[in-house]
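As a basis for the values below, the full set of heavy atoms in this structure was taken, side chains included, without hydrogen atoms, waters or symmetry mates.
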Amino acid sequence: MGKSTATTKDDAQALFRSLHSAYSATPTNLKIIDLYVVFAVFTALIQVGYMAIVGSFPFNSFLSGVLSCVGTAVLAVCLRIQVNKENKEFKDLPPERAFADFVLCNLVLHLVIMNFLG
């Protein structure tokens with residue numbers, strides 16, 4: 001029983017080391033986008049926790065806030081995919097165009113969210 005636990009712990013440490021070494025080679029602009037995605041998801045989780053504690057009286061407001069955070073995170077992941085140099089599918093797409101798409105889609109998303117608020 002003890003040897004199995006030690007092996008599992010060693011495997012987990014090796015996994016975390018390999019993930020850390022692979023992520024340290026990631027370009028800075030992708031790390032910034034990753035941080036933005038984590039922030040958007042964290043904000044959505046805070047809103048869900050607040051709703052669980054306080055209640056969801058203006059349900060449209062709660063739904064708008066969470067969908068705004070989740071939609072922004074999804075659009076940021078799409079931006080990350082397009083900006084990544086290792087992705088061969090978008091190699092001809094300039095990063096400025098990908099960012100312009102991100103901004104335009106965010107504008108449309110937030111216009112829909114504002115309309116949903118009522």
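- When every heavy atom of Leu117 is checked against every heavy atom of Ser64, the shortest pair comes out as CD2-OG, 3.5 Å.
- Connection of Ile53 to Leu45 is not established within any shared hydrophobic cluster, with ILVMFWY side chains joined at heavy-atom distances below 4.5 Å, either directly or through further cluster members.
- Summarising the local packing, NZ of Lys85 is surrounded by 12 or fewer heavy atoms from other residues, nucleotides or ligands at distances under 6.0 Å.
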Go through it in stages, so that I can follow the logic: the residues are Thr7 and Asp11, the test is side-chain contact (heavy atoms from CB on, under 4.5 Å), and I'd like the CA-CA distance, side-chain angles, deciding distance and then a yes or no.
CA-CA 6 Å; Thr7 305; Asp11 289 343; 3.9 Å; yes
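- In this structure, Phe16 has no ring pair (Phe, Tyr, Trp, His ring centres under 6.0 Å) partners at least two apart in sequence or on a different chain.
- In the hydrophobic cluster analysis, where Ile, Leu, Val, Met, Phe, Trp and Tyr join through side-chain heavy atoms closer than 4.5 angstrom, Ile113 is grouped together with Phe116.
- A distance-only check finds a donor-acceptor pair linking the side chain of Asn87 to the backbone of Ile81 [under 3.5 Å].
- How far CG of Leu67 is from NE2 of His110: 10.5 Å, rounded to the nearest 0.5 Å.
- What you find for Ala73 and Val37 is that their closest heavy atoms are O-CG2, 4.0 Å.
- The two residues Val66 and Ala44 come nearest to each other via the heavy atoms CG2-O, 4.3 Å.
- By the 6.0 Å contact criterion, OH on Tyr23 is enclosed, its count of non-hydrogen atoms from other residues, nucleotides or ligands being greater than 12.
- Hydrophobic clustering of Ile, Leu, Val, Met, Phe, Trp and Tyr side chains at less than 4.5 Å, counting indirect connections, unites Val103 with Val83.
- Nearest heavy-atom pair across Thr43 and Cys69 is CG2-SG, 3.6 Å.
- The environment of Gln13 atom CD is dense: over 12 non-hydrogen atoms of other residues, nucleotides or ligands sit within 6.0 angstrom.
- Taking CE from Met51 and CD1 from Ile46, the interatomic distance works out to 14.0 Å, rounded to the nearest 0.5 Å.
- Remark: Asn29 CG to Leu79 CG distance equals 9.0 Å, nearest 0.5 Å.
- Taking both residues in full, the closest heavy atoms of Thr72 and Phe102 are given as O-CE1, 4.4 Å, listed atom of the first, atom of the second, then distance.
- Linking ILVMFWY side-chain heavy atoms closer than 4.5 Å, directly or via other members, places Leu30 and Phe99 in a single hydrophobic cluster.
- Ser61 contributes atom OG, which lies 10.0 Å from atom CD of Gln47 (distance to the nearest 0.5 angstrom).
- Summarising the geometry, atom CG belonging to Asn84 is positioned 8.0 Å from atom OG1 belonging to Thr26; distances are rounded to the nearest 0.5 Å.
- Tracing side-chain contacts under 4.5 Å through hydrophobic residues (I, L, V, M, F, W, Y), one reaches Tyr36 starting from Val70; they form part of the same cluster.
- Here SG of Cys78 is found 11.0 Å from CD1 of Ile33. Values are rounded to the nearest 0.5 Å.
- Aromatic ring centres of Phe39 and Phe42 lie farther apart than the 6.0 Å criterion allows.
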